[in-house]
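Only one structure is covered here, and it is reproduced in the block below.
Atoms within a ligand are numbered from 1 in the order they appear, just like the ligands themselves. Values below: every heavy atom of this structure, side chains too, minus hydrogens, waters and symmetry copies.
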Amino acid sequence: MAEWSVFCYNTLMLHVEIEIPHPVETLFLLFAAGGVVVWMTWKVPGQQVQASVTPRPTSAAPAEGEGGPDRQARMLALRSAEDDARRIRTEQTVLSQREEILRYELKIVEDAASRSGDGVSIRIAKEKLLSLLADERAAEEQFRQTLQEMWEAEGLSATVAVGSPGDVRVLWPVEPEEGLSALFLDAEYEKRFGIPHHAIDIPVAQGSAIRSAADGVVDKIVDNGLGYSYILVKHDGFATLYGHASAFFVAEGDHVRQGDVLAASGGMPGTPGAGSLTTGPHLHFEVIVNAERIDPLTVLPARPEVHQGRS
Ligand SMILES: [Zn+2]
C-alpha cells in the first residue's frame with residue numbers, strides 16, 4: 001500500500017510524493033500492462049476487418065463494394081501476365097522452328113509451281129522465301145510481325161463477338177472441294193507452326209471468292225500487305241473471321257448478306273495477306289462466340305463428301 005503525502009508549495013505547483021514498497025516489481029508490472037494496451041490497439045482493428053469480410057458468403061450478393069473491383073483488377077492483371085508468358089513461349093517456339101517452317105512453305109510453293117498455278121506470283125513467293133532463308137534476322141523479324149498480327153486479330157475478334165449465341169448458323173464461305181488442310185486445334189498444325197489453331201483451314205485456289213457465312217456488318221478489315229491480312233464480320237450474337245485475304249471487296253461498316261463476296265482468298269507463302277505461318281493457298285476460317293473461338297464444324301452444314309485434306 002502506498003503512503004500519500006501532499007504538499008502545496010504555491011498556487012501553481014502541486015507536489016505529490018508516493019512511497020512504493022516494491023519499486024522494481026511495480027515498474028515491471030506497469031511495463032507489462034503498457035505492452036498489453038499497445039498490443040490491443042493494433043490487434044483489435046485487424047480482427048474487425050476480418051469479421052466484416054468473412055460472413056459474406058451467406059449473403060446472396062457477393063462483395064461488390066470493397067473487395068469486388070480490386071479482386072477483378074488483380075485477376076485481370078494475373079490473366080494478362082499469363083497471356084504475356086504464353087506469348088513469349090509461343091514466340092520462342094515459332095522462332096526456333098522458323099527455318100523448318102520456311103522450308104515447308106517453300107515446298108508448298110514448288111508443289112504449286114509443278115501443278116502449273118499462277119506463274120508470276122509463285123516465282124515472287126519463291127524468291128521471297130529463299131531470301132528469308134538466307135537472311136536469318138529478316139526472317140526472325142517477319143515471324144515476330146506475323147505473330148503480332150495474329151494476336152491483334154485474336155484481341156479484335158474477342159471484343160466483337162459478344163451477346164447471346166442463341167442461333168449460330170453459318171454457310172461455307174468457300175467450297176471445301178479439297179476437304180480441310182487443318183482442323184480446329186489440329187495437333188499436326190501446332191506441331192508444325194508452334195501455335196494452337198483456333199480455326200479450320202479450307203484449301204482453295206489463290207484468289208477464290210470468300211463469301212460471308214451469315215448476314216452481318218463488316219466490323220474490321222486489316223490489310224497488312226505481305227503480312228497476315230483478314231476481315232472480321234459481326235453477326236447477330238457471334239462473329240466470323242476470314243484469314244489470309246489477298247484483296248478486299250467491301251468496306252468497314254458495310255451491311256452484308258449471307259453469301260455476299262467479301263474478299264479474295266490467299267495464303268500462298270510470300271503473297272499479300274499470307275503472313276509467315278501458312279499451309280499454302282487456303283482460307284483460314286474462325287467462328288467466335290462470346291469472345292471464344294469455337295470449332296466451325298460444329299455450326300457449319302455437314303458435308304459428307306469432306307475428307308481430311310492433303311496436309
Ligand atoms: Zn488457319
Of all N/O/S atoms in H284, the name of the one nearest the Zn ion (ligand 1)
ND1
For the residue pair Y242 and F285, does the interplanar ring angle fall in the parallel (under 30°), tilted (30 to 60°) or perpendicular (over 60°) class?
tilted
Is the distance between the Zn ion (ligand 1) and the nearest N/O/S atom of H282 smaller than 2.8 Å?
no
When you measure from the side chain of Q258 to the backbone of A213, do you find a donor-acceptor pair of N or O atoms at a distance under 3.5 Å?
yes
Among the N/O/S atoms of D201, which is closest to the Zn ion (ligand 1)? Give the atom name.
OD1
Indicate the ring-plane relationship of Y189 and F193, choosing parallel, tilted or perpendicular according to the 30° and 60° boundaries.
tilted
Provide the closest heavy-atom pair for A158 versus A291 in the form atom of the first, atom of the second, distance.
O-CB, 3.4 Å
